[in-house]
Amino acid sequence: MSIVSILDSGAVKAAKELYGHDVESGSLPLTPTRKEFTGDYTLVVFPLTKAARKKPDAIAEELGGWMQENIEEVSGYNVIKGFLNLELGAAYWNDFLRNAVKAENYGRLSPKGKKVMVEFSSPNTNKPLHLGHIRNILLGWSCSKILDAAGYEVVRVQVVNDRGIAICKSMLAWKLFGEGETPDSSGIKGDHLVGKYYVIFESKFKEEYKSWQDSEAGKAAFAEKAKEGEPEDKFFKRYKNTYFNEHSQLGQQAKEMLLAWESGERETVDLWKKMNSWVYAGFDQTYNRLGVEFDKLYYESETYLNGKDLVEKGLKNGLFKKREDGSVIVDLTDAGLDEKVLLRSDGTSLYITQDLGTAHLRYEDYKSDKMVYVVADEQNYHFKALFETIKLMGEPYADGLHHLAYGMVDLPTGKMKSREGTVVDADDLMDEVIAEARENTKERGELESLSAEEREEIIKRIGLAALKYFIIKVTPKKRMIFDPKESVDLQGQTGPYIQNAFVRIKSVLRKAGEQDHGSFELYEELENQEKEVLLRLSKFPEIVETAAAEYDPSEVANFCYDLAKEFHRFYHDHSILNCDSDNVKKFRIDLSYLTAEVLKTGMDLLGIQMPDRM
RNA sequence: GGCCUUGUAGCUUAACGGAUAGAGCACCUGACUACGGAUCAGGAGGUUGAAGGUUCGAAUCCUUCCAAGGUCACCA
């Protein structure tokens, strides 16, 4: 039982015995005592004033007395303005450290017997991954690690959007202008090569559109369809889609390609397979470097027709309605949403149809109790509608669905826009942070004795730690501003700062040599800074639990920083190896060891690896 | 326009109804004959977007307003 729940249930019992009042567990707020006061945990007794009909101070006094008397761990207390500061004895902290340091996997919670599926990344195959994907991937990966640590069985999946008009654009441009270029012949990474042709398509299309605008047909369209007083550029911006669909040569060809693909036309399918395989090879490299992997991939080319039967079934059961034009809709007005079309009037499926099918399929495949979708918050409405529809259908997995929505990533200069070329490429970004780490490492010269290979591995860990921590420390649902300059910082609240705490400990432990963990005798005169570190350490399991419950890796990130900072302080002011008592030395070595373990585990939950030196 | 989300130091951020709003960056000042200075200590910087309300207590809950973003497709 954790100390918090011991104190909490103690307070409940005390309220009952002293005032005959039933309070719910957790209704008396219990928080770590602020630094400026003495004590370890603080109980707020205000909620008891009515039941006890006494002043807060008096209640706190009585409660404190009772708890010191009846709870073994409580060694003393003091009362300030209705806040009851409880002190835990040195014995408690000694026991805590001894147990934790001997534990197999401190911070790993016992199995929950439940399975959770996490879907993340889910890219399109027409262009390489960018900064937005990185936030998605880090969140998804980290969540999956945290859920795993919290005792869930985890399945990591991604849905690969490998079909549709976008990839056809790349294919068409390659066919028309590629002259047989391949990743091998050009030396360009596969996903970047395909992305290059996507860009070529867009610029050729733009050219074509521009000259059409100056032609008779274009002028006629403007004269006919522009709104009153609408300027030419505005009109043509708005008209772009229509032009693509109705007039464009390239658009026509791309659409024909899509149709050919859908009808399984050999040459097109072969080209599609070839180009997608380039992209996958590229993605694999990026994922690999980021240190993430998946248990199962779902390809939209295989699932995009799914879901129709589910809709038909719902229609039969009267859950959905057919409109006059033949389209099928679901009425979600009871849930505060609108009507949603589930099937086009021509009977073809939509995004949501496919998602219904995929959800069902995945449940069939894994029978997971929960399914988490890591998708940007621009799709909030879609997921609301999707989940409500699944609930209406009474699917067994309906209550376990969760949309982990995260805010989009902005640059200091504003939004990322592919059309304006301001998209930050994932591979480039990693190159940059690693280069920065290399530069810094060189200046320091700590790693010169290592082989080039070892050195590169450490440099990679440092660079990626900076990048990943910078992104993952922000609460998911907030939009974040990504400043490339700050993301390579190695000082302050950063990944490398936390790594540095770990490296310092490793260095000390190397010098200390082997030691049996938990072999220290009772150490009574704990320093404040030792207690601060112990307090952080003792909170770790609880942090894992809430981070899992809230799907929020930033809690773990902030915890790691806090722990590292507290350790740095302790380390600065107290000597571990040269302290005056052998017993204290043993204690401090264990304290350091546990800190290193927790930092390593915690950072691993964020997808960040620790170097042994740096 | 309806709905959703977000507004905290110059910048990036923490806080899940509790004490004097906590950090980092940038700026200024200090600390290595000490286990790793990618560190530590200190200074300066805040009417938590605004106004009301609920509460013993509000950045946090409620109302109104302001600002930014998202979304309201037989696109994905």
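Naming: A, B, ... by sequence-line order, numbering from 1 per chain. None of the values given here were measured: they were computed from a predicted structure.
- Residue A:His403 contributes atom NE2, which lies 12 Å from atom C1' of B:G70 at whole-angstrom precision.
- When the P atom of B:U39 is taken as reference, atom CG of A:Leu490 falls 9 Å away, rounded to whole Å.
- Between A:Lys384 and B:U71 there is no side-chain polar atom (N or O) within less than 4.0 angstrom of OP1 or OP2.
- Taking atom NE2 on A:His574 and atom P on B:U39, their separation rounds to 19 Å, with Å as the unit.
- Between the NZ atom of A:Lys415 and the P atom of B:U6 there is a distance of 18 Å, given to the nearest Å.
- Look at the C1' atom in both B:G49 and B:U55: the space between them is 23 Å, to the nearest Å.
- A salt bridge links A:Glu457 with A:Arg461: the closest approach of a Lys/Arg side-chain nitrogen to an acidic carboxylate oxygen falls below 4.0 angstrom.
- In terms of polar N and O atoms assigned as donor or acceptor, the side chain of A:Thr494 never comes within less than 3.5 Å of the base of B:A38 in a complementary pairing.
- Pair check for B:G69 finds B:C4; Watson-Crick or G-U wobble, both atom distances under 3.5 Å.
- Only the C1' atoms considered, B:C40 is 15 Å distant from B:A23, to the nearest whole Å.
- Remark: side-chain polar atoms of A:Ser327 are not paired, donor with acceptor, to backbone N or O of A:Arg323 under 3.5 angstrom.
- When the side-chain nitrogen and oxygen atoms of A:Arg479 are compared with OP1 and OP2 of B:G69, none of them lie within a distance under 4.0 Å.
- Taking only side-chain nitrogens and oxygens, A:Lys506 never comes nearer than 4.0 Å to OP1 or OP2 of B:G36.
- The pairing partner recorded for B:C16 is none, the criterion being a Watson-Crick or G-U wobble arrangement whose two distances lie under 3.5 angstrom.
- Using a 4.0 Å heavy-atom cutoff across all strands shown, A:Tyr561 reaches sugar-phosphate atoms only and no base atom.
- Under 4.0 Å is where a charged nitrogen must lie from a carboxylate oxygen, and between A:Lys531 and A:Asp40 at least one such pair does.
- Under 4.0 angstrom from either OP1 or OP2 of B:C40 there lies at least one side-chain N or O belonging to A:Tyr497.
- Among the protein residues, A:Phe46 comes within range of the nucleic acid bases, having at least one heavy atom under 4.0 Å from a base atom.
- Ion pair A:Lys81/A:Asp57 not flagged as a salt bridge, since none of the NZ, NE, NH1 or NH2 atoms sits closer than 4.0 Å to an Asp/Glu carboxylate oxygen.
- Atom pair A:Glu550:CD and B:A15:C1' shows a separation of 13 Å (rounding to whole Å applied).
- Among A:Asn85, A:Leu84, A:Thr33, the single residue meeting the side chain to side chain contact (heavy atoms under 4.5 Å, CB included) criterion with A:Asn78 is A:Asn85.
- In terms of phosphate contacts, A:Arg34 brings a side-chain nitrogen or oxygen within less than 4.0 Å of OP1 or OP2 of B:A19.
- Residue A:Arg569 places at least one side-chain N or O closer than 4.0 Å to OP1 or OP2 of B:A41.
- The residue A:Met480 sits close only to the backbone: its heavy atoms come under 4.0 Å of sugar-phosphate atoms, none of a base.
- Residue A:Lys565 places at least one side-chain N or O closer than 4.0 Å to OP1 or OP2 of B:G24.
- Nucleotide B:U48 is matched to nothing when pairs are restricted to Watson-Crick or G-U wobble geometry with both distances under 3.5 angstrom.
- Atom-to-atom, CZ of A:Phe559 to C1' of B:C16 comes out at 18 Å; the value is rounded to the nearest Å.
- Here B:G36 presents its P atom at 11 Å from CZ of A:Arg613, a figure rounded to the nearest Å.
- Pairing for B:U60 is absent, with no Watson-Crick or G-U wobble pair whose two atom distances lie under 3.5 Å.
- When the side-chain nitrogen and oxygen atoms of A:Arg504 are compared with OP1 and OP2 of B:G37, one or more of them lie within a distance under 4.0 Å.
- Put simply, A:Thr475 has a side-chain N or O that comes within less than 4.0 Å of OP1 or OP2 on B:A14.
- Note on A:Leu337: nothing from the nucleic acid sits closer than 4.0 angstrom, heavy atoms only.
- For the pair A:Lys478 and B:A14, the criterion of a side-chain N or O lying under 4.0 Å from OP1 or OP2 is met.
- In this entry the distance linking CG of A:Leu48 with P of B:G17 reads 18 Å, nearest Å.
- Residue contacts for A:Pro611: at a heavy-atom cut-off of 4.0 Å it reaches no nucleic acid atom on any strand shown.
- Remark: B:A31 base-pairs with B:U39; criterion is Watson-Crick or G-U wobble with both hydrogen-bond distances under 3.5 Å.
- Looking only at distances, a side-chain donor or acceptor of A:Asn245 sits under 3.5 Å from a matching main-chain atom of A:Asn241.
- Close to B:U6, at under 4.0 Å from its OP1 or OP2, lies a side-chain N or O of A:Lys477.
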